[in-house]
Structure formats: structure tokens, C-alpha cells
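Inspection log for the structure reproduced underneath, given as C-alpha cells.
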Amino acid sequence: MKYVDEYRKKDLIISVSEKLKAVSKKEIVLMEVCGGHTMAIQRFGLHSLLPHTVRLISGPGCPVCVSSQHFIDMAMAYSKIPGVIIATYGDLIRVPGSTTSLEKERANGSDVRIVYSVLESLEIAKNNPEKKIVFLGIGFETTAPLTAAAILEAKKENLENFFVLSAHKVMPPVMKALVAEGVKIDGFIAPGHVTAITGTAIYNELAEVCGLGVVVSGFEPVDMMQAILMLTMQIEAGTPKVEIQYQRVVHNEGNKIAQQMLEDVFELRDDRWRGLGVIPKSGLGIRKELSSFDAEKKFNVEVPESTEPKGCICGQILRGLKTPVDCGLFGKKCTPTDPIGACMVSGEGTCATYYKYRV
Amino acid sequence: MCLAIPAKVISVNEYTALVTIEDVEYTASLLMLPDVVPGDYIMLHAGFAIEKVDPEFAAETLRLLQEEESARPNRIGQ
Ligand code: SF4
């Protein structure tokens with residue numbers, strides 16, 4: 001496949017690995033923020049190509065994994081409202097809520113539909129005028145503009161039965177929160193597709209104020225090895241800065257149209273992250289002017305205090321403090337077919353990737 | 001979730017494009033990337049084109065790495 005195969009060439013990967021081994025002197029910890037990166041690292045066995053001085057830890061960039069238990073329980077409550085169709089991206093339906101999952105509710109008769117694109121949920125709305133469609137909006141800056149575009153389309157077409165339950169989140173506050181909390185990180189492998197939308201300015205504070213390296217990386221093994229090399233060179237030279245490895249897709253200024261859509265539809269609000277608690281101004285709520293598309297405004301739903309699964313250390317894994325093998329349930333009580341925590345549900349969750357490629 | 005895959009643009013019809021990934025056809029919304037023409041490669045994410053793939057930067061990244069590789073004295077793996 002063009003733009004994929006070239007970046008999977010073994011001799012190139014090894015060549016970067018050797019250069020990395022030659023330049024790396026200091027012991028450093030790099031966090032890959034994005035779940036897609038975690039998946040690539042495990043899939044291509046990149047850990048084995050790193051010098052012993054460079055350690056990678058996974059961060060909070062898997063949208064399904066960081067969706068709070070409260071959000072999952074809310075989704076469940078909406079699915080029980082008569083006449084409601086839940087439209088959602090695939091993985092979410094398997095996340096265990098406090099008492100049940102969307103998958104189980106669907107077996108009990110709720111109408112829960114998996115969509116590949118938010119645009120399909122607009123179609124469902126048009127084809128089912130007597131029903132109310134609630135789209136579960138999860139994802140970061142890559143995915144949130146799609147939801148924004150759908151809301152703007154729904155407005156243009158005067159659709160009155162399309163609603164969004166937004167758990168969309170933005171990346172910079174959580175990255176800063178981890179640093180402030182004292183998680184040892186020397187540099188970030190920054191998410192390529194998030195940055196394709198936002199541009200690179202969102203990381204300036206991390207580099208300039210916190211003194212951390214930030215390299216925006218693509219998702220193929222050559223990309224990732226090169227990003228790790230760039231970060232290592234920055235840190236060795238004592239010149240942390242924001243750089244783009246993934247230049248074929250990411251530009252400094254990002255995608256202005258997508259940014260405008262985000263601006264038009266959403267506003268920042270405090271948001272709850274699984275295992276990380278509430279992080280100020282880290283979530284995207286729907287603007288007042290568009291509240292007729294906001295599921296939270298349309299339906300009055302209350303859920304009891306949510307409980308996280310007992311023994312699950314997903315929260316510490318999302319903060320880079322622990323790895324799945326530290327969890328007593330990993331691979332025993334908790335497996336991808338029978339997940340206990342959200343990190344085992346999503347294909348890009350750290351527990352699921354460990355299970356798939358290491359066990 | 002933030003997964004996006006390079007897809008080739010075959011034809012453009014106002015706000016949507018027909019694209020292919022390994023000969024399989026998909027529709028890509030161009031709502032956030034209106035400026036594409038047949039032959040371009042775009043990154044497809046959940047039904048939307050989110051950004052173009054720049055062929056020059058793509059070649060440049062590889063060229064630099066390959067040059068470095070062939071400049072190494074003890075090449076392995078070939
Ligand atoms: S293995 Fe399962 S229970 Fe343990 S942290 Fe991961 S998701 Fe939670």
C-alpha cells in the first residue's frame with residue numbers, strides 16, 4: 001500500500017535503530033500519547049529495537065479507555081429510553097459500565113447500532129423520523145471535528161431527531177496534567193492525526209515552559225523509530241522543542257477548516273477521565289446556540305454514582321505509572337473476549353495490545 | 001480511534017470523493033478538505049478526508065533515511 005509499505009522496510013527500521021543506539025547516552029522516558037502508537041509499537045515489536053537507555057510508556061490517548069464510567073452509564077441510561085436509537089463507534093458497546101454494557105442492553109432489546117462514520121447516524125436519523133438518534137461522541141481532536149460537521153449538517157437540514165452525547169476530549173490539558181502530577185517523562189511522541197487537525201502550537205508550552213521534547217509522529221515503524229531518534233537527539237543536546245516527523249501529513253498550522261468547525265460547535269469544559277479524575281477545560285461540550293442537538297439538554301437522564309471495576313488498574317496504566325502485567329486480573333479474569341476494564345476493550349487499549357502481541 | 005489510512009482519490013463530486021484503499025472503494029466526505037483532485041492521496045478517518053498526503057515530504061523523509069543507510073560502513077540485512 002502506498003505511503004504505508006515504504007515505512008515498514010526492515011533495513012530502514014534497523015538503520016534508524018542503530019543510529020539511535022549510537023546517540024543515546026542518557027536514561028530517558030518517552031510517552032507515546034496516542035493509542036494508535038501503542039498499537040504500532042507492540043505490533044512491530046519496536047521495544048526490542050531500542051537501546052536500554054530509552055524507555056517507552058503508554059499514555060492516555062485511547063478514547064474508549066479514557067471515557068469515564070459515568071459516561072458509559074449515561075449511554076446505558078439513554079439506550080433504555082423508549083424510541084431512542086444509540087449510534088456509536090464499535091468498541092464502545094463492549095465497555096462494562098457499573099452494572100451492564102451497551103452490548104448487553106442491545107441483547108435485552110435496546111436499539112444500539114454500530115456506525116463507521118458519524119454521517120451514518122445522520123442517515124439513520126433521516127430514515128427513522130419517528131425515532132430519536134443519540135450519537136455517542138468520543139474521541140480527541142481528530143474525531144471531534146467529524147461530530148461537529150455532522151451537527152452543522154443536521155442544522156442545515158433541519159433534522160430534529162439527531163442528538164449528540166459528547167465525551168469528546170482535547171489532548172494538551174491531560175498531557176500537562178501528567179507532567180504536573182510528576183509522572184517522569186522526558187519527551188512526548190505526539191499524536192500525528194490529532195496534530196494534523198490542531199497544528200503544533202498546542203505543544204509550545206510543553207516545550208518552552210516544561211522543557212520537554214515533543215515530536216509529532218506518524219504511525220508506521222519507520223516513522224516511530226525516527227520520532228524516537230529525533231526526541232533522543234533533542235534531549236541529548238539539551239534543546240527540547242516541538243518538531244514534526246510526520247511531515248507528509250502534518251503542518252504547523254493544522255487544518256483550519258476543521259479547527260473552525262470545532263470552534264463553531266464546541267466549547268471547552270471540565271471533563272472526567274477514567275482513572276485521572278476531572279481535568280479542567282479538557283472536554284468539549286456543545287455550545288448553547290446548538291443545544292437543540294445536545295442529548296444532555298434534550299433528555300433528563302440521571303445515573304447513580306458510577307463505580308469502576310474492582311481490581312482494575314486501568315487508571316494507573318493510562319497515566320504511564322503501571323503496565324498491564326502489573327494487574328492481577330490481566331490475562332486471567334480479564335481478556336479481550338471477557339474484558340473487565342476499558343483498557344482491555346479497545347483494540348488500541350494498552351491491555352488489549354499487550355494481550356494480543358505479548359501473551 | 002484516531003486511525004487514518006492513506007487513500008487514493010479517484011473522483012470528486014462536490015463534497016464527497018470516491019477513494020480507494022488497495023482497490024476497495026470508499027466514500028470520503030470532503031467537508032474539511034475541499035481542495036482535492038483525482039490522483040491525490042488523502043488520510044481517511046471515519047468517512048472523512050482529514051488531510052492530504054504530501055508526496056514531496058513523503059519522498060524527502062525516505063530519501064534522507066536511505067542516504068544515511070547507504071552511507072553506513074557496515075550494512076546488515078541486505
Ligand atoms: S487487565 Fe483488565 S482489569 Fe487489569 S487494568 Fe487492564 S483492563 Fe483493567
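Partners of A:Cys34 under the disulfide (SG to SG under 2.5 Å) rule, at least two apart in sequence or in another chain, do not exist in this structure.
Taking OG1 of B:Thr27 as the reference point, atom CG of A:Leu119 lies at 10.0 Å (rounded to 0.5 Å). One finds the CZ atom of B:Phe57 at 5.0 Å from the CD atom of A:Gln247 (value rounded to the nearest 0.5 Å). Taking CZ of A:Phe219 as the start and CE of B:Met43 as the end, the distance is 8.0 Å to the nearest 0.5 Å. Distance CD/B:Glu56 to CZ/A:Arg248: 14.5 Å, rounded to 0.5 Å. The line from CD1 of A:Ile257 to CD1 of B:Ile50 is 13.0 Å long, rounded to the nearest 0.5 Å.
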| field | Chi angles and distances behind the side chain to side chain contact (heavy atoms under 4.5 Å, CB included) call for B:Leu65, A:Ser15 | value | CA-CA 8 Å; B:Leu65 288 173; A:Ser15 154; 5.9 Å; no

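Of the possible polar contacts, one joining the A:Asn255 side chain to the B:Met32 backbone as a donor-acceptor pair under 3.5 Å is found. Between the A:Tyr116 side chain and the B:Gly47 main chain, a donor and an acceptor come within less than 3.5 Å of each other.
Chosen from A:Lys256, A:His193, A:Glu348, the residue pairing most often with chain B at heavy-atom distances under 4.5 Å is A:His193. Per-residue heavy-atom pair counts under 4.5 Å with chain B were compared for A:Glu141, A:Lys9, A:His251, A:Met39, and the maximum is reached by A:His251. In terms of non-hydrogen atom pairs under 4.5 Å with chain A, the most contact-rich of B:Pro6, B:Ser29, B:Ala59, B:Pro34 is B:Pro6.
Only the side chain of A:Val222 comes within contact range of chain B, with heavy atoms under 4.5 Å apart. Neither the backbone nor the side chain of A:Leu152 comes within contact range of chain B, judged by heavy atoms closer than 4.5 Å. Looking at A:Val249, both its backbone and its side chain come within 4.5 Å of chain B, counting heavy atoms on both sides. Of the two parts of A:Tyr89, only the side chain, counted from C-beta on, holds a non-hydrogen atom closer than 4.5 Å to a non-hydrogen atom of chain B. When heavy atoms are compared at a cutoff of 4.5 Å, A:Gln226 approaches chain B solely by way of its side chain, counted from C-beta outward. Heavy atoms of A:Met1 lying under 4.5 Å from chain B belong to its backbone as well as its side chain. With a 4.5 angstrom heavy-atom cutoff, A:Leu146 touches chain B via backbone and side-chain atoms both. Of the two parts of B:Ile5, only the side chain, counted from C-beta on, holds a non-hydrogen atom closer than 4.5 Å to a non-hydrogen atom of chain A. For chain B, the nearby part of A:Glu153 is the side chain; its heavy atoms alone come within less than 4.5 Å.
Residue A:Lys21 qualifies as enclosed at atom NZ: its count of foreign heavy atoms under 6.0 Å is above 12. With a 6.0 Å radius and a threshold of 12 heavy atoms from other residues, nucleotides or ligands, B:Lys52 has its NZ atom above the threshold.
Smallest separation of non-hydrogen atoms from A:Ser117 and B:Ala46: OG-O, 3.0 Å.
A donor and an acceptor atom, one from each side chain of A:Thr142 and B:His45, are nowhere located under 3.5 Å apart.
A 4.5 Å side-chain heavy-atom check between A:Tyr7 and B:Leu62 finds at least one atom pair inside the cut-off. The shortest distance between side-chain heavy atoms of A:Val118 and B:Phe48 falls below 4.5 Å. Inter-residue side-chain proximity for A:Met261 and B:Leu31 is flagged as met; some heavy-atom pair is nearer than 4.5 Å.
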